[in-house]
Amino acid sequence: MLSMFLALAAAYDGRVDLVCLGQGSANKQTNSSAYMYDSNGNSAWGNVIGNRSVPFADQVNLWIEGDEGRVRMPRTMLPPIRGGEDGWFKIKDLKVTDDEIIGSVAVNLLNNPRMIIDRRTGLIRLSGKAGDYVGECERYVPSSMPQRF
């Protein structure tokens, strides 16, 4: 099955590029502080840390060439400490079948969102500690795309 995908990739200069438009929700940390005192002059300070879900709409780009691939994640899903090169993250454990493209995105040691792309419908799902994303992908062939400006 991988050989079938590699043959498809060879037909597109050995590389397949996808652009995906969609939306999701990012898990963001929140904190609140309070300072209180009573009528006797006693005081206390408190801090509460929690999480909240932040909706967003964004674009995901990815490319696959041979048995290697890279993905550009939505910025709002990225933690402050992360790897990657110029916003592109390696797709680990990449598996390509007739029906799906599956892997995990190597954002950092603790955050490796799972990626599943349905090759029949173009639906992409990213799910991990930083949040979830669902979108629809289309093939992007840079050499055959007209410039808009």
Side-chain angles (χ1 to χ4, degrees), residues 1-35 45-149:
M1 291 183 200
L2 181 60
S3 62
M4 184 174 161
F5 182 75
L6 295 176
L8 175 67
Y12 291 94
D13 299 325
R15 177 172 157 151
V16 174
D17 290 82
L18 299 176
V19 61
C20 313
L21 300 175
Q23 55 193 352
S25 61
N27 299 326
K28 296 293 182 181
Q29 188 175 29
T30 62
N31 79 36
S32 297
S33 300
Y35 180 74
W45 180 265
N47 202 17
V48 177
I49 298 174
N51 286 320
R52 65 184 168 99
S53 182
V54 178
F56 69 90
D58 206 343
Q59 175 177 313
V60 169
N61 297 65
L62 67 107
W63 60 261
I64 297 171
E65 186 170 15
D67 61 352
E68 187 176 328
R70 297 279 188 276
V71 63
R72 181 170 278 179
M73 298 273 295
R75 285 192 183 271
T76 191
M77 288 181 69
L78 296 176
I81 299 173
R82 58 183 179 261
E85 297 175 21
D86 296 328
W88 291 92
F89 299 92
K90 182 178 181 177
I91 303 172
K92 299 186 328 184
D93 305 321
L94 180 64
K95 292 182 179 80
V96 179
T97 68
D98 290 340
D99 297 322
E100 293 180 318
I101 299 171
I102 301 170
S104 59
V105 183
V107 175
N108 64 26
L109 291 174
L110 300 174
N111 188 357
N112 294 282
R114 185 92 171 126
M115 179 190 76
I116 300 173
I117 302 173
D118 185 318
R119 294 186 64 201
R120 308 263 183 232
T121 64
L123 186 69
I124 183 173
R125 294 176 192 255
L126 291 166
S127 181
K129 292 181 184 214
D132 300 302
Y133 175 86
V134 176
E136 191 171 328
C137 298
E138 292 187 21
R139 180 172 290 128
Y140 170 70
V141 183
S143 60
S144 68
M145 301 296 288
Q147 289 183 316
R148 291 193 179 218
F149 52 90

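These numbers were taken from a predicted model, which means no experiment stands behind them.
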For side-chain hydrogen bond (donor to acceptor under 3.5 Å, both in side chains), just list the numbers for S127 and D132, CA-CA rounded to whole Å, side-chain angles, deciding distance to a tenth of an Å, and then say yes or no.
-> CA-CA 4 Å; S127 181; D132 300 302; 2.7 Å; yes

Verify side-chain contact (heavy atoms from CB on, under 4.5 Å) between D17 and N61, making sure each step is shown before the conclusion.
-> CA-CA 8 Å; D17 290 82; N61 297 65; over 6 Å; no

According to the interplanar angle, ranging from 0 to 90°, do the rings of W88 and W63 count as parallel (below 30°), tilted (30 to 60°) or perpendicular (above 60°)?
-> tilted

Gap between atom CG of D58 and atom CD of Q23 - 0.5 Å precision | 11.0 Å

To the nearest 0.5 Å, atom CZ of R52 lies from atom CG of N27 at 10.5 Å

N47-S33 side chain donor-acceptor pair, cut-off 3.5 Å = yes

Is it the case that more than 12 heavy atoms not belonging to K28 sit under 6.0 Å from its NZ atom?
-> yes

To the nearest 0.5 Å, atom CG of L109 lies from atom CD1 of I81 at 10.5 Å

Nearest 0.5 Å please: distance from the CD atom of E100 over to the CG atom of D118.
-> 6.5 Å

Closest heavy-atom pair and its distance - C20, L62 = SG-CD2, 4.4 Å

Shortest non-hydrogen contact between S104 and D93, atoms and distance | OG-OD2, 4.2 Å

Should I102 and R114 be marked as a side-chain contact (heavy atoms from CB on, under 4.5 Å) after you check the CA-CA gap, both sets of side-chain angles, and the distance that decides it?
-> CA-CA 8 Å; I102 301 170; R114 185 92 171 126; 2.9 Å; yes

Which heavy atom of N112 sits nearest a heavy atom of A106, and at what distance?
-> OD1-CA, 3.4 Å

Expected output: side-chain R119 to main-chain T97 donor-acceptor under 3.5 Å | yes

Please tell me if the side chains of I124 and L18 come closer than 4.5 Å, counting only heavy atoms from C-beta onward.
-> no

Any salt bridge between D99 and R120, counting N to O under 4.0 Å?
-> yes

Reported CG-to-CG distance for the pair N108 and L78, which is rounded to 0.5 angstrom = 9.5 Å

So disulfide (SG to SG under 2.5 Å) across residues 99-130, not counting sequence neighbours, yields none

Report, as yes or no, whether the 6.0 Å neighbourhood of atom CZ on R125 holds more than 12 heavy atoms from other residues, nucleotides or ligands.
-> no

V105 versus F89, closest heavy-atom pair with distance | CG1-CB, 3.5 Å

To the nearest 0.5 Å, atom CZ of R75 lies from atom CZ of F56 at 13.0 Å

Would you indicate whether the side-chain heavy atoms of I101 and L94 approach each other to under 4.5 Å?
-> yes

Tell me yes or no: between the side chains of Q29 and N31, is some donor less than 3.5 Å from an acceptor?
-> no

